[in-house]
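Following: one structure in structure tokens, then a few remarks.
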Amino acid sequence: MSASTSIEGSRIAATVTAVREHFASGATRPLTARIRHLHALRAMLTENEPAFEAALWSDLHKSPAEAQLTELNVVVAEINHTLRHLRRWARPKRGPVPLALMPGRARLVSEPLGVVLVIAPWNYPVQLLLNPLVGALAAGNAAVLKPSELAPATASLIGRLVPRYFPDGAVRTVEGGVPEATELLAQRFDHIVFTGSGTVGRIVLRAAAAHLTPVTLELGGKSPVWCDDDDLPAVARRLAWAKFTNAGQTCVAPDYVLTTPDRVPALVGALKAAIAELWGADPRASQEYGRIVTEQQFDRLVGYLPGTDVVIGGDHDRGERYLAPTVVTLPDGGPPAVGPRAAHPVLREEIFGPILPIVPVASAEEAVEVINAWDKPLALYVFTSSPRTRRLFERQTSSGAVVHQAALVHAAATGLPFGGVGPSGMGAYHGIHSWRSFSHLKPVLTKPLWLDTLGLAQPPFTARGVRLIRRLMRHG
Ligand code: NAD
């Protein structure tokens, strides 16, 4: 290890120690402190809206309207929802006591876990860093934030604002890339929330195991769409918006569309019209259409195009990291497959960019087989007017979430758990689900001394006593 790396390492260790000492002082626990922290976070967002909009424009060409819609408003909504419900969530609840332990009473008390580490990706660099923070602070924790180095303007803005809005040191930011994240993960935390790729998710889980730290992993994958609805213009508008917002760089963006062969031409036509309606005839000139985050990601995405039939878009400009909203079909090559067995890489890997493959299948049942042949996705979108088909997908597939007749929008449903299943993630957050993830629900059982009912369960045993305790215990 070089001298500068070890100095950086000790700076990170000192930051985590300072946050831990702050938590240990008890300052983050009182309800008043939690509410004050949530107000501070909301003020940080609302008082600096132009700065956040400028940073998101610089990092991702995200328009101010989109920045409001998909980043700032989402976090402010989460804060408002939490403030509305916090007192109720925090109140100790009565716990049940079985007959065999009577007399006695039990309470369920939520306590903070300690210091929460939040590691965020670059695609929604405000929302995915600060939304978990809302839950962590509401539950009375202190936190360390690690923004993505690939959204540098946003990371540096948050790095500057956090000490101003959290002067007590309940929240601190560590900026940087892999070395800093690695150093952070060597420290002990009480919970880690990681949003990003499955590859790095595995690294995080391994590092957390060394300290037995619980984790919430918000990962990615290929979120499929099924479409057999006949209102294709309406479907296409929702699909195009969900897919090409943020230039397709959304974890829950539709990754590929399964539909019947007879619908493909009409769906392509409807998507073309929808894209033109949303971003104009030349999306490059639209102030509302994003750019690919880095040249490396741009090259990866453009590399998917050879071997496909580009039916919409496809034009690109590396200098601007612009890739048009693109729809592709694949030449007939045996049974459709998605995942490691797929014939083309666009169906083997998470696309995470503005390319939408349409894959024809004979029926909804075949679509279910295609989906189930690989990893459980983060989201599944079903566009159908048939209740039977909706039930088919709900019952016979597993995914982080199912949305009917829309896509993406469940991420903004504050009261619903947001998370994956299997390789698309573990744990969930948002609203009360954040509260559950970042609190320990501690049962507190009180058994008065005045009536010694425990004597029945203690030796020496009598036949009568054993019979009685058996009856009481089996009663539940
Ligand atoms: P990434 O995994 O490369 O990086 C995420 C974070 O991990 C960054 O802060 C980065 O600095 C850090 N990191 C990178 N390498 C590391 C290492 N070796 N050790 C420790 N930390 C490391 O992900 P990304 O490219 O920023 O985001 C894209 C992925 O994130 C996609 O797979 C996408 O589906 C997923 N994602 C999931 C969600 C969700 O809510 N489930 C949301 C957005 C993105």
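One-based numbering, in listed order, for ligands and for the atoms of each.
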So, H410 versus F418, ring centres under 6.0 angstrom or not? yes
Neighbour count above 12 (heavy atom, 6.0 Å) for R34 CZ: yes
What part of V252, side chain, backbone, both or neither, has a heavy atom within less than 4.0 angstrom of ligand 1? neither
Y322 and H316 aromatic centres sub-6.0 Å: no
Between E295 and R321 (salt bridge meaning N to carboxylate O under 4.0 Å), is one present in this structure? no
Check T195 against ligand 1 and report side chain, backbone, both or neither, counting heavy atoms closer than 4.0 Å. both
Side chain or backbone of L150 under 4.0 Å from ligand 1, or both, or neither, by non-hydrogen atoms? neither
If you measure from atom 21 (N) of ligand 1 to every heavy atom of S223, S148, A181, A207, which option wins on shortest distance? A181
When you check the gap from the basic side-chain N to the acidic O, do K243 and D255 get nearer than 4.0 Å? no
Run the ring-centre check on F352 versus W122 and record whether the distance is less than 6.0 Å. yes
Which heavy atom of the protein is the closest neighbour of atom 2 (O) of ligand 1, given with residue, atom name and distance? S197 OG, 2.7 Å
Are there protein heavy-atom neighbours of atom 4 (O) of ligand 1 below 4.0 Å? no
May I ask you to establish whether K62 and Y289 are in a cation-pi arrangement, using a distance under 6.0 Å from NZ or CZ to the six-membered ring centre and at most 45° from the ring axis? no
Just to confirm my output: which protein heavy-atom neighbour is closest to atom 42 (C) of ligand 1, and how far is it? C251 SG, 2.9 Å
Of the backbone atoms (N, CA, C, O) and the side-chain heavy atoms from C-beta on, which set of F352 has a member under 4.0 Å from an atom of ligand 1: side chain, backbone, both, or neither? side chain
Where's the contact between V204 and ligand 1, heavy-atom distance under 4.0 Å: side chain, backbone, both or neither? neither
Side chain, backbone, both or neither: which part of A120 comes within less than 4.0 Å of ligand 1 when only heavy atoms are counted? backbone
Atom 13 (N) of ligand 1: the protein heavy-atom neighbour that sits closest, reported with distance to 0.1 Å: V200 CG1, 3.7 Å
Just to confirm my output: which protein heavy-atom neighbour is closest to atom 31 (C) of ligand 1, and how far is it? E350 OE1, 3.6 Å
Under a 4.0 Å threshold between the charged nitrogen and the carboxylate oxygen, would R263 count as salt-bridged to D228? no
Using a strict threshold of under 4.0 Å (side-chain N to carboxylate O), is an ion pair present between R318 and D299? yes
Could you tell me whether some N/O pair between L219 and ligand 1 is separated by less than 3.5 angstrom? yes
Check each of Y124, F418, W122 against atom 26 (O) of ligand 1 and report the one with the nearest heavy atom. W122
